[in-house]
Amino acid sequence: MDKNRRIILSILLLVLVSCILSVIDIGLKMKTSEQKEFNLPVPEFGPGVGLVKIYGTISISDSDGSYLGLGSGADGIVKKLSQFGEDDRIKAIVIRINSPGGTVAAVQEIFDKLMELRKRNIILVASMGDMAASGGYYVASACNYIFANHGTTTGSIGVIASSPNVKGLFEKLGIKMNVIKSGKYKDILSSFRDLGADEKDMIQEMIDSSYMKFLKDVSLGRNVPIQDISPVADGRVMNGETALKYKLIDELGGYENALDKAKSLAKLPKSAPVYDLGNSWEQILMSIGKTLAGDRLMESTLKHKNLSVIEYSIEP
Amino acid sequence: MIEYIKSLKWIDYFFFCLLDPRRLVNLIARKEGSPLLQGLFMVIVVSLFEIMSFSALGTENGFFYYKVSYGWILAFLILLLNIIVFSALTDLVCQFRSHPGKIMLIINLVSFSFFPMVFLLPVVTIFTTLNFAPVFFYILFAILLHIWQAMIIIQGISEIHQISFGESLLIFLLPFIIVGFIGFFSVILFFINMFGFISSL
């Protein structure tokens, strides 16, 4: 038994030795990692540039689902802009846009908020990504300076409202809709009947009114007469280079250029921090919730009630 | 106590634990040299060694000091809780099968069964020094040592209640099955509630 005890004792001693060796090994490795930690950046503070991202289709929503590729909620964006506006550290804001546009009201709300910030001498610089067309351009026009990449799809200044007409298909299939309505125009833009001439005039009036508002706002934001914009404000899309030619943008460049420009216009050093409020867990959960139920439900309800939405957006 | 340590009789627990779990159970039952304290000491050492072996796999920073101090206490408490819960469930299963309740014996047995786990640190040290797939060998040896640990417990239970290896294996597995079922349904119910909450926002 004594022999066995000695063997086990030897094993235990070996384990103890390996433990000591392991501690030394960990200690040696740790020293290297601590040296690297000196290169870590210090937390940023002081005057800087705010960053707001407008990705996807713009609509009225209180959650920012842009990170999920679900479009940008105007309420969420306006809230972010307000927070930046109240923050004394924010001297300039870069609006990163990658959007084909959105609903009229949502785009106008963002535009108005940007103009309000601009009046309070906060520098606004727009940076266009793949696309900043129609409503996307509308928003950008509120900024002091606009950057677009050479390949950015922009322009598409105009308003559109559309609804499919499946009357012929329904007739072929022998399906008839029973519609009980309170007024003559309650099912305007219905997919199940032809659009009357008077109805077309009414919609056209709304479109024209929204279009004029678009032109006026772009003229105001860009500080150019309406006459200079109207020749290219026929819904045409263009790339960054053409947009520069028609003075719809100020310079060709990417996100980094926009950041540098914002800092230079706000008289900030190049090392000034960039503040991105990001998405809180609450916002992410809200957005997922809206996606699962609320927004989709509302969207489908709107479509089935034939309340076609008038949009500042580009049609593929 | 000093006489007991000098006599090297305490080493018998570790020797029988590794090679003859049935004799370990008899030794525990005789309560020579406070097996409960020795078992607790074993759990303390194993929790420290587990942290060390895991830390040795990667590059550590200042957090290592927290791990081997406060983290070690946390690991010890978690391991202790696991031992108590597992022992309680095992004893419960034994009593359901008309065997007498011997929870203290089972707690001591389970505590000592962790002894093979101390060999994980030397293995990791060797393979880290050689820089030869240390993570792979860590996982491989962790699995093998856990199997060894399970064998100690199964043979120990077999000796405690004088039952066959098969019945002892069933008693060993039932607590895991019970906890598995509870855990599985808890996760499902949690996600159902979570999605319900998100959908209602």
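Just so you know, these numbers come straight off a predicted model, no measurement behind them. So you know, we letter chains A, B, ... as the sequences are listed, proteins then strands, and number each from 1.
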Trainee: Sort out for me which of B:Trp10, B:Phe49, B:Phe14 touches chain A most, counting heavy-atom pairs under 4.5 Å.
Mentor: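 Top option by heavy-atom pairs under 4.5 Å: B:Phe49.
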Trainee: Answer with side chain, backbone, both or neither: which region of A:Ile11 has an atom nearer than 4.5 Å to a non-hydrogen atom of chain B?
Mentor: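 Only the side chain of A:Ile11 comes within 4.5 Å of chain B.
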Trainee: If I measure from the heavy atoms of chain B, does A:Ile7 come under 4.5 Å with its side chain, its backbone, both, or neither?
Mentor: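 Neither part.
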Trainee: To the nearest 0.5 Å, what is the distance between NZ on B:Lys67 and CG on B:Leu74?
Mentor: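 Atom-to-atom, B:Lys67:NZ and B:Leu74:CG are 12.5 Å apart.
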Trainee: Let me know if B:Ser53 has heavy atoms under 4.5 Å from chain A in its side chain, its backbone, both or neither.
Mentor: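 No part of B:Ser53 comes within 4.5 Å of chain A.
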Trainee: Should we say atom CZ of B:Phe137 is surrounded by more than 12 heavy atoms from elsewhere, each under 6.0 Å from it?
Mentor: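 Yes, CZ of B:Phe137 has more than 12 neighbouring heavy atoms, counting only those of other groups under 6.0 Å.
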Trainee: Closer than 4.0 angstrom, basic N to acidic O: yes or no for B:Asp91 and B:Lys102?
Mentor: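 Looking at B:Asp91 and B:Lys102, the cut-off is not met.
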Trainee: Can you confirm whether the side chains of A:Gln83 and A:Asp87 place a donor and an acceptor under 3.5 Å from each other?
Mentor: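 Side chains of A:Gln83 and A:Asp87: no pair found under 3.5 Å.
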Trainee: Sort B:Ser55 into side chain, backbone, both or neither according to what part of it lies under 4.5 angstrom from a heavy atom of chain A.
Mentor: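 Both parts, heavy atoms under 4.5 Å.
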Trainee: Verify the ring-centre separation between B:Phe115 and B:Tyr13: is it less than 6.0 angstrom?
Mentor: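 No, too far apart.
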Trainee: Identify which part of B:Leu18 has an atom lying under 4.5 Å from any heavy atom of chain A, answering side chain, backbone, both or neither.
Mentor: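 Looking at B:Leu18, just its side chain touches chain A.
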